[in-house]
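In this text the structure is predicted, and so the values were computed from the model without any measurement.
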Amino acid sequence: MKDTISIHDYLFDQANIGDWEGEEELVTDKINAVYHAVWQSLPEDISSTQVEQLLPAIWDELRGGTVLLEADEDELIDWALAYVRQQLEEGKPDADAADEEE
């Protein structure tokens, strides 16, 4: 089902990243790199509902602090991959509910 979803629908540009005190380009580049890495790791049979919940959840976890400015890209990617793996193992988002919605 991943082939019916486009990563480009989830990527940020500087205009919609918010105020990062002059570091909008850096933050945009980092979050998009994280999304691309996560995208590559997602199973091919993931539902669009799961993707719609997982990718914004990563942003929700990162946007409130300075970690996007302070951590290097590899650290952020490692964290995001672990986060997504944990969410999928715990059934969050709920794959069964996602399948029913499609």
*Going through the checks in order, is the side-chain contact (heavy atoms from CB on, under 4.5 Å) test met by Leu26 and Asp29?*
CA-CA 5 Å; Leu26 174 66; Asp29 290 345; 5.6 Å; no

*Can you find a pair of side-chain heavy atoms, one from Leu54 and one from Leu88, that are under 4.5 Å apart?*
yes

_Aromatic ring proximity, centroids under 6.0 angstrom, Tyr83 and Trp79_ = yes

*How many angstroms lie between atom CD1 of Ile31 and atom NE2 of His36, to the nearest 0.5 angstrom?*
11.0 Å

*Are the side chain of Asn32 and the backbone N or O of Leu11 linked by a donor-acceptor pair below 3.5 Å?*
no

*Please step through side-chain contact (heavy atoms from CB on, under 4.5 Å) for the pair Leu55 and Ile7, ending with a clear verdict.*
CA-CA 10 Å; Leu55 292 179; Ile7 183 65; 4.0 Å; yes

_Nearest 0.5 Å, please: how far is OG1 in Thr66 from CD in Glu21?_
10.0 Å

*Whether Glu75 side chain and Asp72 backbone form a donor-acceptor pair below 3.5 Å*: yes

*How far apart are the closest heavy atoms of Leu81 and Val38, and which atoms are they?*
CD2-CA, 3.9 Å

*Begin with the C-alpha distance, continue with both residues' side-chain angles, and end with the deciding distance and a verdict on side-chain contact (heavy atoms from CB on, under 4.5 Å) for Trp20 and Glu25.*
CA-CA 9 Å; Trp20 288 86; Glu25 183 177 3; over 6 Å; no

*For Gln50 and Ser47, test the side chains for any donor-to-acceptor distance below 3.5 angstrom and give the result as yes or no.*
yes

_So that I know where these two stand, are Trp59 and Tyr35 an aromatic pair - ring centroids less than 6.0 Å apart?_
no

*Looking at Pro56 and Val51, what are the two nearest heavy atoms and their distance?*
CD-O, 3.7 Å

_Ala37 versus Ile77, closest heavy-atom pair with distance_ = CB-CG2, 3.5 Å

_Applying side-chain contact (heavy atoms from CB on, under 4.5 Å) to Trp39 and Ile5, what does each step give before you reach the verdict?_
CA-CA 10 Å; Trp39 184 259; Ile5 309 164; 3.7 Å; yes

*Residues Lys30, Glu73: salt bridge by 4.0 Å N-O rule*: no

*asked:* Taking side chain to side chain contact (heavy atoms under 4.5 Å, CB included) as the criterion, tell me which of Glu23, Arg63, Glu24 meets it with Ile17.
replied: Glu24

*Can you name the closest pair of heavy atoms from Lys2 and Leu42 and give their distance?*
NZ-O, 3.1 Å

*Shortest non-hydrogen contact from Val34 to Ala80?*
CG1-CB, 3.4 Å

